[in-house]
Amino acid sequence: MSTAVLTINKGLSGGLNLRQKTILLISFMSLLLLTIVICSLFINERSLSTDFDSKNLAPSLKHPFGTDWMGRDMFIRTIEGLGLSIMIGAFASLISTLISVILGLFSSVGKIADSFVSWLVDLFLSIPHLLLIILISIGFGGGATGVIIGVALTHWPSLTRVVRAEIKQLKTQEYVHISRNFGKSRWWIATKHILPHLIPKFILGTILMFPHAILHEASITFLGFGLSPHEPAIGIILSESMKYLSAGYWWLAFFPGLSLLIVILAFDMIGENLGKLMNPKKAHD
Amino acid sequence: MKQRKLGYFIGKKILKLLCLLIVVCIASFWIVEQSPIDPVRAYIGEMSIQPEQKAKLEEYWGVNTPSHEKFMNWAGNILKGDFGISLIYRMPVTDVMKERFTASIILMASSWLMSGILGFILGIIAGMKNGTLVDKVIKTYCYILIAAPTFWLALIMLLVFSVYLGWFPIGLGIPIGTVADDVTFLDRIHHLILPTITLSLLGVASIAMFTREKLIEVMSSDYILFAKARGERGLGLIMRHGIRNVALPAITLQFLGFSELFGGAVLVEQVFSYPGIGQAAVAAGLRSDVPLLLGIVIVSTIFVFFGNLVADIIYEFIDPRIKQQEMTT
Amino acid sequence: MYLKGENISFGYKKNNFILKNVNICLGSGEVLGLIGDSGSGKSTLCKILAGYEKNYTGTVSIDGKKIPDGVYNPVQLIFQHPEKAVNPKWKMKDILNESYVVPQKILDSFGIKKNWLNRWPNELSGGELQRFALARALSPKTKFLIADEITTMVDAITQVQIWDSILDMVDELNIGVLVVSHDKKLINKLCHDIVYMSDLINI
Amino acid sequence: MEDIDRITTKKARNNEALLKVKDISLSFIQYTSGLRQTELKVISNLNLEAYSGEILAVVGSSGSGKSLLAHAILGILPSNARLYGSMEYNGQPLTQEKKEEIRGKEIALIPQSTNYLDPLMRISNQVIGNVNEKNKESIKKLQRYVFQKYNLKPEVDRMFPHELSGGMIRRVLVSTAVISSARLVIADEPTPGLDEKNLKETLSYFKDMANKGCAVILITHDIDAALKISDRIAIFYAGTILEEANIEDFANDGENLRHPYTRALWNALPQNKFKAIKGHQPMQDEIIEGCFFYERCSIKNELCSKGIPELKTINGGLVRCNNVS
């Protein structure tokens, strides 16, 4: 008897199938983000130099995002700001993921450990997130370090919650009980049975944490905490732009913010589509 | 029976809140204590000052007292309802918070309501028309809003409606130059509209996406299948079974969003110079007004806790399905 | 060898027992039938005997000795729904060989085909998965097998195939089997002795 | 074989079939890991006829796609399903539009579990269904009457589904069909988890419906239960129906059964020989050119591996086999 899976190929007439579209979208978005980061690394002092002859110019071909009151090109400033934001986001997400891995695994040790983790999650979620970041960044003496630590230390609770619930649910599965009845050790069960279910959750969790971390970093910077006014962060660019709003220099606020939005959107798209690839049951609409 | 159970439940929750507050107090006090902030410096600001005055101030702020003693003093005063004196507003923290919080509550409550209702309706429409153009439009709108930085959206709103169209004032909760008592009700409303709309727009996205997904999930459930098999269809089916099963989780989610709401208010108030608690929190943070900052942390914790409490009550007492789980475990 | 459950009581709430003072005994090579309707507590009893449920009173022992924790349990339990008894992230060959390397003879006896081994659990039917669950539980260290409604979800022919294989293997390995079902006719066909859940409960 | 009032139910069948299912096939488009799109065939070349006043049991193993047959007849398949073939109801083509029009009125479904009741709606409101205010009172009365008959107390009306026991749920689900006064009732696995007393009682409800002139399709994996009450039994195998036999054909050793699979199934029952044949049901993703039973068949010939055997009427029953006459 022949065993085969019918794979439907819509061919050229039907265009790309969902799988190809998804992979294409993920690749495109990743490439976009990577380009921004690399470009931001290669921008040197000269290209950001002040030029008082060309200050406060509206967007043009030469300066697609316009220039600011010191004649700096807003496009270059934005790219550099975005690069900084993505890197801070990456750092914060990694730290937060690490914390949730540790706490998630710790919660599976026993009842007391589990209630401790759950209590810690509740504690961190009980203060408004933005306020908590402000508090922590002040505690670490403010400045760039304060903000980065503040953002990194506050994004783990939701992922930890997901991981904890998943571990709890997995531990009640019949196949885990059976494994225990086969005399397998806790460690063996944790690595062979539980971990394979958790890894996709961690990967997805980290990627979906990015946009939150970036947004929070930008918000805190916008409010005036952390990064010094000389850093080309998006938050700083936007808070500076507030002074020039009534003067009608709309491009100072519009383009940098829009670029940030696109970056966030790119991360959300990557996360969502990666989720589809991992869990195809949700891919029907 | 049910009322007694509810009373017991709330009692337990209040106990939990007290524990939480104690921990939050200790933790936030410790965090601030860690930081290299000098309260005297913060109080004095740019003023010049006599050394003996400085010493007096240092004694007042307890610069040289050990941390635990300082904490006991501070906590003891809080128990008496005294949060200390705000450094930047030069008046009792409780007074500052009362005034600021009232202003913020109006802003938050109105946008919370608007975003809830609008988001729910949009979510239901998108879920009903799943896969159509209408759905795609709503979905795109939500995706973009979720990704939009709050303060940027506020800036754009300000640009369009205040700077270009001139429909709304550019800043301040009350017109510049008027004494608070002279402010008319209409003035207040006028200054409230733009921040409220901005904050609502942002809140719409999460609730709409949630409602949409939940409705799609419900519509593919077995009981909808059975209702269809019995001849129910179209709008009637969605009204009878869909909305019934989506509404409670959506309301619960809206109550769980108090933390996000507060964060959004901080940013929106900053952009619109709206004199609310969020703006005060930023000022306190930037200018190291420790008593005020700690006070706001405590108040906002209670605020978030209240939202969670309502969500829990809905979950435990209004949703009839929960009782079953209690019975089987 | 005898597997004994003595004075076993179990309840989720105080004074609301699902099992009370149940006594049951199963010898090596014996095929004992246990008949009970759904909700009669038979699944709970199975879980207690196989060490899955720890919150009970009474003793479970093999030849008077308590069954140790953390090592291979000589009492193996097979469930009604095999799809819950396999890790969906594992391939069938890994699932099969989790406890020991299943010899070809057992695979042949259960009619497990080679090309099934490279599949994922969701690509096999319940009857096929049940064969894997049984094969992996019949290691040389297994002394007793508890079968809780294991063929309720399969068709009659598969049911006979599965039981034929079990009875063959059991004879050879001298294993005691507790056959739990609501189907009297099936138990009559399979078992030497029959006990009724309603006689055991004693509430 | 134990026998309950079989004689009273056997009616001369001179009328046309109320429902004719002609050669339907059903497949699903689905995504597997990594979003590979596949088409999974669940039902193929299935024929079925249901007559008024009779119970037709469709017997097959669990998870083999029998429920989907019910959903296909009612037109409530998910959007990624593809249905081919045609159906006729009361002599008229049964199109999707027609299904939507008459379901709940002429055709009723009795689903298998609590999941099919709205968890947040009180029982009586669900059972009554979405009716306009004018008729509400009379239907409410009817509902109360039917509940009374099924021994469901008045307080059940105001309860939520999760507050009911399994047996009560079963009775509530059955009563939805009774209230609808449908002419075709499809019951999907109504028996698992019931004890003997409840089983008998549930089966008697279907008997009553058939006696009142309904055509009942009883989808089940329990051939025992099917034998107790049905008039005809359709044997569901690998997504199709291999044989539709009259209940009498199962007498003795089943010599009168037409298909080798039916005979094998009959012989495998614990109350009969408890003997199995070799082999397995083909998997859903296997592509089979010939007869679905080819691999396991003892009387196959070369023709059987080429194309699905024609449907034949033999001795008052239907069969898909090349080698019977």
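In what follows, every chain begins at residue 1, and chains take the letters A, B, ... in the order their sequences are listed. Everything numeric here is computed off the predicted structure, so don't read it as measured data.
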* **Neighbour count >12 (heavy atoms, 6.0 Å) for atom NE2, A:H193** => yes
* Inspect the surroundings of CZ in A:F91 and state if more than 12 heavy atoms from other residues, nucleotides or ligands are less than 6.0 Å away. => no
* **Contact residues of residues 159-179 of chain A (partner chain C; heavy-atom separation under 4.5 angstrom)** => A:E174, A:Y175, A:H177, A:I178, A:S179
* When you look at C:R136 and A:F182, which way does the side-chain contact (heavy atoms from CB on, under 4.5 Å) test go after all the steps? -> CA-CA 10 Å; C:R136 76 173 165 181; A:F182 286 151; 3.9 Å; yes
* **Residue among C:K84, C:H81, C:E98 with most heavy-atom pairs under 4.5 Å to chain A** => C:E98
* Do other residues, nucleotides or ligands put more than 12 heavy atoms under 6.0 Å from the CZ atom of A:F116? -> no
* **C:A50 backbone acceptor or donor facing A:N181 side chain under 3.5 Å** => yes
* Should we say atom NZ of C:K4 is surrounded by more than 12 heavy atoms from elsewhere, each under 6.0 Å from it? -> no
* Which distance, rounded to the nearest 0.5 Å, do you find between the CG of A:L198 and the NZ of C:K89? -> 9.5 Å
* **Heavy atoms of other groups near C:Y2 OH, more than 12 under 6.0 Å** => no
* Evaluate whether atom NZ of A:K184 has more than 12 neighbouring non-hydrogen atoms of other residues, nucleotides or ligands under 6.0 angstrom away. => yes
* Asked: What residue in C:P88, C:G51, C:P68 has the most heavy-atom pairs under 4.5 Å with chain A?
  -> C:P88
* Per-residue contact mode, A:K192 against chain C (heavy atom under 4.5 angstrom) -> both
